[in-house]
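For reference, the structure discussed in these notes is given below.
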Amino acid sequence: METLPKSHLSERGGDYPVDILCDVSYETLKKSSDDCLSHLQSTSACVTSWFVPPDSAKVKIKISNVARFSLFGDDDPAHTVLALVQPGEETQLLALYLDGRWWSVADVMKTSNPSRVGLVTVQSVGERVVLFLLSQFIFGILERPLESELAFSPHPAGELGKITWSNGEAVGFYTVKRKGSLCDSFTSQSYKLPVLDTLFVRRHWRRRGFALEMLEDFCSSFGKEEALGISNPISPSMYEVCRKYLLTHQKQRDRLYEVEAPGGWGERRSVWLQIQLSHIPKNSKEQALSLEVSKGEVNATEDLKEEIGASDPTAEQLSEGVGASVCDTQKTGHKRRGTAAGGAQTSKQAKTSN
């Protein structure tokens, strides 16, 4: 499933923000946030308000604990969301102010609409907020591997994104740089092919095939294109997803490339060839695992299996455990290294409202 009929959403309503905000504009969202800030700043607001997170002590709602976050980056004041943060820890997000009230992060990630299942294209304000939370906070702060040097930049407003929903929760997402879209706001260069730019599955939902499903959806969504890209650098776990996909989809082997922006032929490397040549990155837990791709099978020596031990992930587990980014692109279209870890990036973006 890709999109939800607006008429159905409007009639259905819902108990969670993504359902309620189906027809709300960014202007309405901003006005609601402005009204909340005005109330907090008003001297007449003498009644103390508290927010009780589901898993921690209650927090006083006051101006020093509230911050604005730009949904699309670039300090865009027209597209922001109001957040309640832990006192003294502006990267520890507790709640968002949506539809005139505070919602916990857990509730913002849920839906009461039974039709919202599988992959759904991001269209509404509520879906954009969910995408923002997934990329900037769930991955950027809570679940990004400590050893990872990759982080996601906020996704532009016009960028194609799809969220995977399962059992009433947002469990992952992927985004695409469209063919012909500008690489950044400082150049006239545009992408030469569709590029899978970011992909993420939440920790609790890994090893259930969601990453593989998203890669397959990306490839099938652009079936008429001769070539498709995945942004460089591809993480080790994402390479495992590609390997598993290409083993069973042989016709796709000549279509999938690891690319640098803008994706011309000189900026492409065949993903399948990199796998065959074992030219794939390895993280600390994969150093002992040597994968040899031959005739559609993966063989590992018994000695290496003994070195890995029962507690370390196997190749099959890694192929489903996508907890790192496909890549991260800044405004220049190039990859971001360790200087922009998730916490630092998000901290810089937040604007405390006092």
Side-chain angles (χ1 to χ4, degrees), residues 14-22 24 26 29-30 32-33 51 53-56 59 66-73 76 79-86 89-99 101-113 116 119-144 151-157 159 161-175 197-206 210 214 322-325 328 341-351:
D15 299 325
Y16 296 106
V18 72
D19 308 309
I20 297 170
L21 300 177
C22 57
V24 172
Y26 291 106
L29 182 66
K30 183 177 184 301
S32 177
S33 298
F51 179 78
D55 55 357
S56 60
V59 175
V66 174
R68 280 189 188 272
F69 288 89
S70 174
L71 291 173
F72 307 126
D76 182 359
H79 303 94
T80 59
V81 63
L82 206 60
L84 179 68
V85 298
Q86 191 77 310
E89 296 287 343
E90 68 177 19
T91 60
Q92 189 171 345
L93 187 66
L94 300 176
L96 296 183
Y97 192 78
L98 303 166
D99 192 45
R101 56 165 286 193
W102 292 100
W103 298 82
S104 69
V105 172
D107 281 345
V108 178
M109 304 300 293
K110 295 178 181 179
T111 179
S112 59
N113 188 339
R116 196 183 299 276
L119 279 162
V120 178
T121 302
V122 174
Q123 293 181 314
S124 69
V125 171
E127 290 166 337
R128 281 289 169 187
V129 171
V130 173
L131 179 62
F132 172 79
L133 278 181
L134 282 168
S135 66
Q136 299 304 297
F137 290 95
I138 305 298
F139 171 76
I141 296 176
L142 299 180
E143 297 188 9
R144 187 174 62 88
F152 293 139
S153 296
H155 300 100
E159 189 163 292
K162 292 188 179 184
I163 296 173
T164 296
W165 297 87
S166 180
N167 294 330
E169 289 190 52
V171 304
F173 74 92
Y174 79 87
T175 64
D197 191 48
T198 59
L199 185 152
F200 170 67
V201 177
R202 294 169 65 186
R203 184 177 295 139
H204 176 70
W205 298 89
R206 294 172 195 165
F210 290 119
M214 285 189 274
V322 179
S325 58
D328 173 65
Q345 174 196 358
T346 308
S347 176
K348 289 179 181 178
Q349 185 198 109
K351 288 186 174 181

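Under the 3.5 Å distance criterion, the side-chain polar atoms of Trp103 are left unmatched by any main-chain donor or acceptor of Ala95. Not a single donor-acceptor pair under 3.5 Å links the side chain of Arg202 to the backbone N or O of Ile138. Between the side chain of Arg128 and the backbone N or O of Ala157, at least one donor-acceptor pair lies under 3.5 Å. Checking side-chain atoms of Ser112 against main-chain N and O of Asp15 turns up a donor-acceptor pair under 3.5 Å.
For Ser124, the side-chain hydrogen bond (donor to acceptor under 3.5 Å, both in side chains) partners two or more places apart in sequence, or in a different chain, are Glu127. Annotation: side-chain hydrogen bond (donor to acceptor under 3.5 Å, both in side chains) contacts of Thr80 (sequence neighbours excluded): Arg68. Under the side-chain hydrogen bond (donor to acceptor under 3.5 Å, both in side chains) criterion, Thr111 pairs with Asp19, Arg116, not counting sequence neighbours.
The distance from the OG atom of Ser104 to the NZ atom of Lys110 is 7.0 Å, given to the nearest 0.5 Å. Note that SG of Cys22 and CG of Asn113 are 9.0 Å apart. Values are rounded to the nearest 0.5 Å.
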Stepwise ring-ring contact (aromatic ring centres under 6.0 Å, His included) check, Phe69 with Phe137: CA-CA 11 Å; Phe69 288 89; Phe137 290 95; 5.3 Å; yes

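Side-chain N/O atoms of His155 and Thr198 include a donor and acceptor closer than 3.5 Å.
A 4.5 Å side-chain heavy-atom check between Leu82 and Val66 finds at least one atom pair inside the cut-off. Ile163 places a side-chain heavy atom less than 4.5 Å from the side chain of Val122.
Remark: of the listed residues Trp165, Phe200, Phe210, Phe210 is the sole one forming a side-chain contact (heavy atoms from CB on, under 4.5 Å) with Val171.
Minimum interatomic distance between Phe51 and Leu94 (heavy atoms only, all atoms of both residues): CE2-O, 3.9 Å.
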